[in-house]
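Notes for the one structure printed next.
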Amino acid sequence: MVLVLNRIYFPDGTQGILEWNGTLICYTIELPWLGNQRRISCIPEGEYFLQLRFSPKFKWHFLLMDVPGRDLILIHPANDAKLELLGCIAPVTVHTGIGKGSASRKALARLKALTKKAFEQNEEVILKIQLKKEVL
C-alpha cells in the first residue's frame with residue numbers, strides 16, 4: 001500500500017494532502033522546511049515505511065522508518081504544528097490556517113482504518129512525500 005502526501009511549503013508551516021489511489025484520506029500539517037533540522041523542521045521528501053506504534057500519550061499511531069538524520073518521526077494527532085509537533089506529521093480533517101487544522105484525532109482514525117487490513121496482512125505500508133504538483 002502506497003500513501004501519497006503532496007506538500008505545499010510556507011514560511012510558517014507545511015500543508016499537505018494525503019491520498020491513497022488518488023482518493024483524499026485527510027489533510028496534514030507540519031512544521032516549515034528548515035533544512036531537516038531536528039525538532040524545528042519537517043522531514044525531507046522521500047519514501048518511508050510506516051509501522052504501527054503505541055504510546056500512552058498518543059495511543060495507536062504511526063512511526064516513519066529510516067528518516068535521514070532523524071528518529072522518532074511520528075504521524076500523531078495535533079491541530080497546531082508550531083505548538084504540538086517536533087518534526088512529526090499530524091493528520092487533520094480540515095486546514096484552518098498555515099500549520100493548523102482541526103479534528104486531528106478523527107483524521108488519524110480514518111487513516112488507521114484505511115491501513116488496518118494492510119497491516120493485518122503484513123503488507124508494506126509506504127508513505128511517499130512529495131511536492132504538490134500544480135494542476136494547469
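The analysis underlying the following values was restricted to heavy atoms, covering all of them including side chains, and did not include hydrogens, waters or symmetry mates.
- Taking CD1 of Ile25 as the start and CG of Leu18 as the end, the distance is 4.0 Å to the nearest 0.5 Å.
- Distance alone, capped at 3.5 Å, is enough to place a donor-acceptor pair between the Glu84 side chain and the Asn79 backbone.
- Under the 4.5 Å side-chain criterion, counting only non-hydrogen atoms from C-beta, Cys26 is not in contact with Arg110.
- Between the SG atom in Cys88 and the CG atom in Leu64 there is a gap of 8.5 Å [rounded to 0.5 Å].
- Leu24 and Ile17 make their closest contact through CD1-CG2, 3.6 Å (heavy atoms, listed as atom of the first residue, atom of the second, distance).
- Inter-residue side-chain proximity for His95 and Ile8 is flagged as unmet; no heavy-atom pair is nearer than 4.5 Å.
- Here Leu31 contributes atom CG and Leu86 contributes atom CG; the two are 7.5 Å apart, rounded to the nearest 0.5 Å.
- Looking at Leu50, Leu114, Leu52 one by one, the single match for side chain to side chain contact (heavy atoms under 4.5 Å, CB included) with Val125 turns out to be Leu50.
- In terms of modelled atom types and a separation under 3.5 Å, the side chain of Asn36 and the main chain of Gly69 share no donor-acceptor contact.
- Contact of the Gln15 side chain with the Tyr27 side chain is not registered, since no non-hydrogen atoms from C-beta on lie closer than 4.5 Å.
- No donor-acceptor pair closer than 3.5 Å links the side chain of Gln51 to the backbone N or O of Met65.
- Between Asp12 and Lys82 the shortest heavy-atom distance is O-CE, 3.3 Å.
- Below 30°, between 30° and 60°, or above 60°: for Tyr9 and Trp33 the angle between ring planes is above 60°, a perpendicular geometry.
- Ile75 places none of its side-chain heavy atoms less than 4.5 Å from the side chain of His61.
- At a threshold of 4.5 Å between side-chain heavy atoms, the hydrophobic network of Ile, Leu, Val, Met, Phe, Trp and Tyr places Leu5 and Leu111 in one connected group.
- Hydrophobic clustering of Ile, Leu, Val, Met, Phe, Trp and Tyr side chains at less than 4.5 Å, counting indirect connections, unites Met1 with Tyr48.
- When the shell of 6.0 Å around CZ of Phe10 is examined, it contains more than 12 heavy atoms from other residues, nucleotides or ligands.
- For the pair Leu127 and Glu47, the minimum side-chain heavy-atom distance is 4.5 Å or more.
- When atom types are taken as modelled, the side chain of Lys112 and the backbone of Trp60 share a donor-acceptor pair closer than 3.5 angstrom.
- Across all their heavy atoms, Ile129 and Pro44 have their closest contact at CD1-O, 4.4 Å.
- Going from atom CD of Gln121 over to atom NZ of Lys116 covers 11.5 Å, rounded to the nearest 0.5 Å.
- Using a 4.5 Å cut-off between side-chain heavy atoms of Ile, Leu, Val, Met, Phe, Trp and Tyr, with links allowed through other members, Ile73 and Ile40 fall into different hydrophobic clusters.
- Criterion: ILVMFWY side-chain heavy atoms under 4.5 Å apart, direct or through other members. Under it, Trp20 and Ile126 are not part of a common hydrophobic cluster.
- By the 4.5 Å heavy-atom criterion applied to side chains, Arg38 and Asp71 are counted as neighbours.
- Proximity of a side-chain donor or acceptor of Glu30 to a complementary backbone N or O of Ser41 within less than 3.5 Å is not detected.
- Side-chain atoms of Ser104 never come within 3.5 Å of backbone atoms of Val92 as a donor-acceptor pair (strictly under, hydrogens ignored).
- Just one residue in the list Leu74, Ile89, Leu108, Leu3 forms a side chain to side chain contact (heavy atoms under 4.5 Å, CB included) with Phe62, and that residue is Leu108.
- Hydrophobic clustering places Phe54 together with Phe119 (ILVMFWY residues linked when any side-chain heavy atoms are closer than 4.5 Å, directly or through intermediates).
- Considering only heavy atoms from C-beta on, Arg7 comes within 4.5 Å of Cys42 through its side chain.
- If you take CZ on Arg70 and CZ on Arg39, they are separated by 10.0 Å, rounding to the nearest 0.5 Å.
- Atom CZ of Arg53 is surrounded by more than 12 heavy atoms from other residues, nucleotides or ligands within 6.0 Å.
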